[in-house]
Structures are given as structure tokens and as C-alpha cells.
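Read through the structure below, which is laid out as C-alpha cells, and then see the notes.
Every heavy atom of this structure was used, including side-chain atoms; hydrogens, water molecules and symmetry mates were not.
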Amino acid sequence: MPDHVLFKLPIAGTIKFRNRNLPLLLLLGLVIVCAAKLTEWVYFWMFLCGTYAGFIYLRYLQKHSNGARGDESEAFDFATYVNFSWPSLLKLIALEQTC
């Protein structure tokens with residue numbers, strides 16, 4: 001999926017929202033909905049586990065036509081998948097080695 005700018009907010013300069021921000025934005029939106037008691041927290045945990053399982057599949061298990069498995073590029077690690085500001089913590093959570 002190309003990394004297009006979806007929309008911009010003129011807050012503190014300009015905040016740009018891109019395709020790579022969608023998983024984290026959806027997760028934060030679901031936290032707000034659950035905190036407002038509009039739905040149950042079980043849906044938050046289902047979304048979180050589904051996001052993590054999707055990352056594991058794409059990173060390590062997906063078969064390619066050339067026989068390779070997964071996406072081993074440095075641009076596709078868990079910290080960039082959710083675009084979080086604590087990449088070392090997320091690398092620990094994603095069971096990746098930190099060098």
C-alpha cells in the first residue's frame with residue numbers, strides 16, 4: 001500500500017496522517033469508544049490480537065512466488081507497522097532482537 005497522505009491537521013505546524021498510521025489510529029479510536037462505554041473492551045483486545053497476528057503472518061509466514069517467506073526488510077518491523085514512538089519497547093514486544 002503506498003504511503004499517501006490521507007489528511008492534514010493544522011495543529012502544531014501540520015500533522016500529516018498517512019496509510020501507515022491507520023492501525024494505530026484505529027486502535028486509539030477503539031480505546032476512546034471502549035472508554036466511553038459505547039462497546040465492550042473485548043473488541044479492543046480482539047482488534048489488538050488481530051493486528052499482532054496480521055503482523056506476524058506478513059513478517060514471518062507469508063509465502064512469496066520466489067520461495068521466500070515473510071518480509072525481512074528493515075522498513076517493515078513492528079515499530080513501523082503501528083508507527084509508535086517507542087520502537088525499542090515494541091521490538092521487545094514483537095520478539096525481535098535489538099542490536
Side-chain angles (χ1 to χ4, degrees):
M1 187 162 58
D3 196 25
H4 296 292
V5 175
L6 299 175
F7 60 93
K8 298 177 186 178
L9 290 177
I11 300 172
T14 301
I15 298 175
K16 297 178 184 177
F17 291 95
R18 300 177 181 272
N19 287 338
R20 65 181 172 180
N21 301 116
L22 286 178
L24 186 59
L25 287 175
L26 289 172
L27 185 66
L28 292 176
L30 193 54
V31 166
I32 293 169
V33 168
C34 291
K37 297 189 180 198
L38 298 175
T39 189
E40 297 179 19
W41 281 97
V42 68
Y43 298 113
F44 166 78
W45 293 110
M46 288 172 54
F47 181 82
L48 188 65
C49 291
T51 301
Y52 190 66
F55 169 78
I56 294 296
Y57 173 75
L58 292 173
R59 177 73 174 179
Y60 301 109
L61 303 174
Q62 182 183 28
K63 293 181 183 177
H64 297 287
S65 59
N66 63 0
R69 292 189 142 227
D71 185 357
E72 297 183 10
S73 67
E74 287 294 319
F76 189 66
D77 60 357
F78 194 68
T80 59
Y81 184 65
V82 295
N83 196 25
F84 206 47
S85 61
W86 299 325
S88 60
L89 175 65
L90 288 177
K91 285 187 179 194
L92 181 67
I93 292 171
L95 303 175
E96 295 181 4
Q97 289 184 348
T98 56
C99 297

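The side chain to side chain contact (heavy atoms under 4.5 Å, CB included) search around Ile32 returns none, not counting sequence neighbours. For Phe44, the ring-ring contact (aromatic ring centres under 6.0 Å, His included) partners are Trp41, not counting sequence neighbours.
Atom CZ of Phe47 sits about 11.0 Å away from atom SG of Cys34, to the nearest 0.5 Å. Note: Phe55 CZ to Asp71 CG = 9.0 Å, rounded to the nearest 0.5 Å. Remark: Glu40 CD to Met46 CE distance equals 10.5 Å, nearest 0.5 Å. Of the inter-residue distances, the one linking Leu48 atom CG with Leu30 atom CG reads 9.5 Å to the nearest 0.5 angstrom.
Connection of Leu26 to Trp45 is established within a shared hydrophobic cluster, with ILVMFWY side chains joined at heavy-atom distances below 4.5 Å, either directly or through further cluster members. Linking Ile, Leu, Val, Met, Phe, Trp and Tyr whenever their side-chain heavy atoms come within less than 4.5 Å leaves Val31 and Tyr43 in two separate clusters.
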Sequence neighbours excluded and cut-off under 3.5 Å, please list the side-chain donor-acceptor pairs for residues 61-68, or say none.
from	atom 1	to	atom 2	distance (Å)
His64	NE2	Gly70	O	3.0
Asn66	OD1	Ala68	N	3.0

